[in-house]
Student: 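Dropping the structure in here first, questions after.
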Amino acid sequence: MSVYEKVRAYIDENGIKQIVVAQKAGISNVTFNAIMNGKRTMYADDLRAICLALNVSPELFIDVKCPCKSGVAR
């Protein structure tokens with residue numbers, strides 16, 4: 001599942017209106033709708049704004065894994 005699909009699923013599952021998220025994120029309704037339908041790329045800045053609007057961590061929607069064994073780059 002792609003990031004935008006995870007975001008859309010979270011919004012739907014929690015009964016949040018997309019227009020409210022768009023407004024809180026400072027993204028136009030048209031642009032937000034295009035992102036949620038996979039017609040526009042979701043950039044890092046978009047994801048950051050959406051997560052702030054939802055009050056969640058981006059890690060909820062993306063897998064963050066450290067490629068090193070110890071978890072600390074040297």
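These figures come from a predicted structure and were not determined experimentally.
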Student: State, to 0.1 Å, how close M36 and M42 come at their nearest heavy-atom pair, and which atoms those are.
Tutor: CE-CE, 3.6 Å
Student: When you measure from the side chain of E13 to the backbone N and O of Y10, does any donor-acceptor pair fall under 3.5 Å?
Tutor: no
Student: With a cut-off of 3.5 Å and sequence neighbours excluded, list every side-chain donor-acceptor pair involving residues 17-34.
Tutor:
residue	atom	partner	partner atom	Å
S28	OG	T31	N	3.1
S28	OG	T31	OG1	2.9
N33	OD1	N37	ND2	2.8

Student: Only distances under 3.5 Å count here; give the side-chain donor-acceptor pairs of residues 44-63 to other protein atoms, sequence neighbours excluded, each with its distance to 0.1 Å.
Tutor:
residue	atom	partner	partner atom	Å
D46	OD2	R40	NH1	2.8
D46	OD2	Y43	N	3.0
S57	OG	E59	N	3.1

